[in-house]
Number of protein chains: 2
Amino acid sequence: MFELARFLPYHINRTGVRLATAFGAELARHGLSVPMWRVLAALWQGGERKSADLIVDTSIEQSTLSRLVTTMEQRGMLTRRRSNHDARAVVVALTEEGRRVTKELIPYALRNERIALRGFSREEIDILLGMLTRIYDNAADLKL
Amino acid sequence: MFELARFLPYHINRTGVRLATAFGAELARHGLSVPMWRVLAALWQGGERKSADLIVDTSIEQSTLSRLVTTMEQRGMLTRRRSNHDARAVVVALTEEGRRVTKELIPYALRNERIALRGFSREEIDILLGMLTRIYDNAADLKL
DNA sequence: TATTGTTATACTCTATAACTATA
DNA sequence: TATAGTTATAGAGTATAACAATA
């Protein structure tokens, strides 16, 4: 009827916690938190995103993101400016320093991923990422 | 070099956050948090676990778990007693009320899982759970 | 001395709502 | 009126270390 060992959210959670804890320790040595890394990683491609996009990209809640961006702005990792197209929206962009620290951390992130996926074929990884995307999309229908 | 869309921790995190947020809303209507549900779910099979086991089962950090158990004990969901075999260890057990609320929540949990896994075959689910377990095991080697 | 768990502290993230500004 | 974001506040989780009890 209900077996924890076959319950998907259980497996997702424990795997996610383990990955985040390990990388979080490395991030802490660089003075960063995991949510900060998520913002940097989301900004890495393209270099800038609207706040609304960052909420989607990072799964960080709006008010948390707003203050996180303030902190990171104060530390010189990114800039915040109003959008030209819609002055209600805010565009967040990496600074040179933000790019530097992100570039410095990417090898650690990829190394951890490689270890986590040890023994997986390229094909298996594609299948896994596809499944996680399908679940993410399906879960949009879960009622709050 | 680094693509967020192909980065495993990114997919794990956003899927986990979405699942936890949706079920957390249901739990809140029962006066519970997601970590509380994790404790209940871990205790469901067998009805009791040592604190050290619960840390593994729930991925909740030791001091957080200790106070969480205190809260749940005060609310009558579970009991805490010293182990007979080793009086350093604490055994946590569901009360009748704890069993009742867990039993009440299981259908919601299973319903959410069913929606999240919509379109998946039984075979695919087995493959997915197997992959997540392999990643979890591999990730034990990540250095902190 | 080592292990299991509790408590204290400071910090971060979340949730909610009130607020500001722009549309 | 609606939308994007900020700020305020309270609550919950995390990290670390100090502490107590037991081995």
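In what follows, chains carry the letters A, B, and so on, assigned in the order in which the sequence lines appear, proteins first and then strands, with residues in each chain numbered from 1. Reckoned from all heavy atoms, side chains included, excluding hydrogens, waters and symmetry mates.
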May I ask you to say whether [X] pairs ionically with [Y], meaning some side-chain N is under 4.0 Å from a carboxylate O?
| X | Y | answer |
| --- | --- | --- |
| A:E48 | A:R81 | yes |
| B:D126 | A:R6 | yes |
| B:R14 | A:D57 | no |

Under 3.5 Å donor-acceptor, [X] side chain and [Y] backbone:
| X | Y | value |
| --- | --- | --- |
| A:T15 | A:H11 | yes |
| A:R18 | B:Y136 | yes |
| A:S66 | A:Q62 | no |

Below 4.5 Å, heavy atoms only, C-beta onward: do A:I106 and B:M1 meet side chain to side chain?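 A:I106 vs B:M1: side chains touch.
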Could you go through residues 36-47 of chain B and list every donor-acceptor pair under 3.5 Å that involves a side-chain atom there, pairing it with any protein atom two or more places apart or in another chain?
| unit_1 | atom_1 | unit_2 | atom_2 | d |
| --- | --- | --- | --- | --- |
| B:R38 | NH2 | A:N13 | OD1 | 3.0 |
| B:Q45 | NE2 | A:F2 | O | 2.4 |

Find the distance [X]:[atom1] to [N]:[atom2] and express it as a whole number of Å.
| X | N | atom1 | atom2 | result |
| --- | --- | --- | --- | --- |
| B:R38 | D:dG13 | CZ | C1' | 11 Å |
| A:L27 | D:dA15 | CG | P | 12 Å |
| B:Q74 | D:dA12 | CD | P | 12 Å |
| A:N13 | D:dG13 | CG | C1' | 13 Å |

Reading DNA chain C 5' to 3', which nucleotide is the first, and which the last, to come under 4.0 Å of any heavy atom in chain B?
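Both ends considered, the range comes out as C:dT3 to C:dA8.
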Quiz item: With nearest nucleotides of DNA chain C determined for A:P35 and A:N84 from heavy-atom distances, which residue corresponds to the more 5′ nucleotide?
Solution: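 Nearest nucleotide further toward 5': that of A:P35.
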Please produce a list of atom pairs where a protein N or O lies less than 3.5 Å from an N or O of nucleotides 3-7 of chain D.
| unit_1 | atom_1 | unit_2 | atom_2 | d |
| --- | --- | --- | --- | --- |
| D:dT3 | O4' | A:R88 | NH1 | 3.3 |
| D:dG5 | OP1 | A:S51 | N | 3.4 |
| D:dG5 | OP1 | A:V90 | N | 3.0 |
| D:dG5 | OP1 | A:V90 | O | 3.4 |
| D:dG5 | OP2 | A:A52 | N | 3.1 |
| D:dG5 | N7 | A:Q62 | NE2 | 3.4 |
| D:dT6 | OP1 | A:R80 | NE | 3.4 |
| D:dT6 | OP1 | A:R80 | NH1 | 2.5 |
| D:dT6 | OP2 | A:S66 | OG | 2.7 |
| D:dT6 | OP2 | A:R80 | NH1 | 3.3 |
| D:dT6 | O5' | A:S66 | OG | 3.2 |

